[in-house]
Amino acid sequence: MPQDSSPSSTAFSRRHFARLLAGGAAAALAPVGLGRARAAERPWLRLAQAAGRRDETYWQQVREQFVMPLDLAVLNAANLCPSSTPVLDTLYEATRDVDRDPSQQNRRKLSEGKEAARRTVAAFLGAAPEEVVLTRNTSEANNIVSSGLTLGAGDEVVIFGDNHPSNHRAWTDKAERFGFTVRIVDQVNPHPGGEYYLDAFTRASNARTRLWAFTHVTNSVGDLFPVKEMCDAARARGILTLVDGAQTFGVLDLDLTALGADFYTGSGHKWPCGPRETGVLYVRKDAQARLQPSIISLYAGTIGISRTLEAYGQRDEPAILAFAKALEFQSNVGKAAIAARSRALAEALMEGLSQIDGVKLWTHPDADRSWSVVSFQPAGLDPNKLSAALYETDRIAGATRGGQDRPGLRFSPHFYNLQSEVDRAVAAVAKYVKSGL
Ligand SMILES: Cc1ncc(COP(=O)(O)O)c(C=O)c1O
């Protein structure tokens with residue numbers, strides 16, 4: 001049947017699509033059926049279609065749910081993600097409602113809204129609502145753990161050397177203050193494989209080790225950790241685990257109960273595409289008695305660990321409601337489809353970049369060692385100047401890594417990115433590597 005591409009029909013289908021993503025059933029989203037020839041040429045696209053049965057037309061419609069101008073390719077999900085229109089609408093309407101009538105009577109419903117959001121976050125993560133603390137970001141969640149455990153002289157903690165400062169300096173500073181010892185497992189590049197890190201953490205541990213703190217996917221070069229194997233191994237030795245999920249929450253299809261971490265952290269404003277200053281700390285039921293609150297105030301949550309760890313005083317409840325909306329939006333697209341799509345785009349990037357003379361990939365290309373964070377050294381080019389040229393001339397936004405340690409650029413594609421944006425990014429890097437800046 002020929003497709004009707006008249007403007008009114010397109011406008012209708014866009015509205016229809018937006019309604020589906022805002023609250024409709026995922027099952028109602030049928031594949032559109034274009035782009036098969038392209039997929040045959042590009043093996044990585046098969047990955048996305050295998051899991052999500054979506055084609056480029058579908059993803060273009062997803063892209064249109066975001067307010068980023070269509071000529072701007074933002075390949076920087078690892079840093080900050082945009083919110084979709086349904087999330088912005090929820091945030092605005094709930095904020096306006098509070099400002100129209102800030103009475104306690106009118107705001108009472110927000111406490112229930114916060115608990116409903118907790119249930120949504122829990123379901124999204126394969127956790128129980130009693131295990132969820134709604135934080136402001138991953139930094140706060142990581143620090144609730146490092147400040148909340150009772151550790152002192154004679155205790156040891158093993159951390160990964162390439163953790164984010166909120167899970168690295170937080171430990172080394174608190175070790176100095178409280179007298180416990182931190183052992184560091186160094187990062188090895190290229191990623192030597194999950195077994196290597198499992199073995200290195202095990203060898204760094206002894207009878208005094210209380211916790212392993214590592215990152216599910218690193219923000220530097222996207223190293224993926226074997227979380228389940230490491231959590232199982234730690235548990236068998238009576239050691240707790242803190243897993244930083246800032247680069248996985250909202251992009252990998254997570255089941256925290258199955259993964260087995262005692263503590264798992266993430267930000268709503270990264271891959272989940274929620275509002276700024278939303279985040280999560282998961283605390284497994286049998287680890288809850290180990291954490292003491294570092295902030296004590298009013299307005300705690302009403303169930304489980306949130307009753308003790310979430311008494312932060314006044315909160316921005318509209319942001320929390322919009323955070324839940326962002327997770328509903330992702331559930332409607334499909335968590336497995338999002339994981340496969342972002343991975344397919346990352347593989348396309350790695351494939352394209354590795355064909356440019358002089359470009360060195362810091363990210364391991366195998367799917368058991370990386371996911372959707374791609375870092376590379378752009379031949380002899382200055383990463384800062386290249387990043388500026390890409391943004392100003394080519395309308396492509398990534399992130400820069402300066403210094404001597406794996407310097408270069410990072411692209412982190414997500415489900416709102418298009419294959420054409422990845423192609424543009426590869427072509428622009430190739431142009432500058434060939435002709436200079
Ligand atoms: C692995 C990791 N952990 C923690 C954070 C901190 O996230 P936030 O700034 O949202 O607290 C980041 C931020 O990039 C990160 O990549």
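All ligand and atom numbering here is 1-based and tracks the order in the structure.
- In summary, the atoms of ligand 1 found under 4.0 Å from a heavy atom of His269, numbered by their order in the structure, are 10 (O).
- Rounding to the nearest 0.5 Å places CD of Glu317 at 10.5 Å from OG1 of Thr95.
- Relative to atom 8 (P) of ligand 1, the option among Ser267, Gly266, Ala78 with the closest non-hydrogen atom is Ser267.
- Cation-pi contact between Lys335 and Phe124: present, with separation from the ring centre below 6.0 Å and deviation from the ring axis of at most 45°.
- Nearest to atom 16 (O) of ligand 1 among the protein's heavy atoms is Gln247 NE2, 2.7 Å.
- Near Thr215, meaning under 4.0 Å from any of its heavy atoms, are these atoms of ligand 1: 1 (C).
- For Asp244, every heavy-atom contact with ligand 1 shorter than 4.0 Å involves the side chain, none the backbone.
- Looking at atom 12 (C) of ligand 1, its nearest protein heavy atom turns out to be His164 CD2, 3.3 Å.
- Listed by atom number, the atoms of ligand 1 under 4.0 Å from Asn219 heavy atoms are 1 (C), 16 (O).
- Neither the backbone nor the side chain of Glu140 comes within contact range of ligand 1; no heavy atom lies under 4.0 Å.
- Asp286 is listed as a side-chain neighbour of Asp262, based on a closest heavy-atom distance under 4.5 Å.
- Nearest approach of Arg395 to Pro69, heavy atoms of both residues: NH2-CG, 4.0 Å.
- With a 4.5 Å cut-off on side-chain heavy atoms, Pro82 and Tyr416 count as touching.
- Annotation for Cys231 and Thr241: closest pair SG-OG1, 3.7 Å, computed over non-hydrogen atoms.
- For Arg107, the CZ atom sits in a packed shell: over 12 heavy atoms of surrounding residues, nucleotides or ligands are nearer than 6.0 Å.
- Within the set Ala399, Ala246, Ser166, Gly279, the minimum heavy-atom distance to atom 2 (C) of ligand 1 is found for Ala246.
- Remark: minimum distance from atom 13 (C) of ligand 1 to any protein heavy atom is reached at Lys270 NZ, 2.9 Å.
- Below 4.0 Å from some heavy atom of Asn137 lie the following atoms of ligand 1, by number and element: 8 (P), 10 (O), 11 (O).
- In this structure, Arg136 does not count as a contact residue of ligand 1, since none of its heavy atoms falls inside 4.0 Å of the ligand.
- Lys174 places none of its side-chain heavy atoms less than 4.5 Å from the side chain of Val157.
- Within the 4.5 Å cutoff, the side chain of His216 has heavy atoms near those of the Leu259 side chain.
- Against a heavy-atom cut-off of under 4.0 Å, Ser139 is close to the following atoms of ligand 1: 6 (C), 8 (P), 9 (O), 11 (O).
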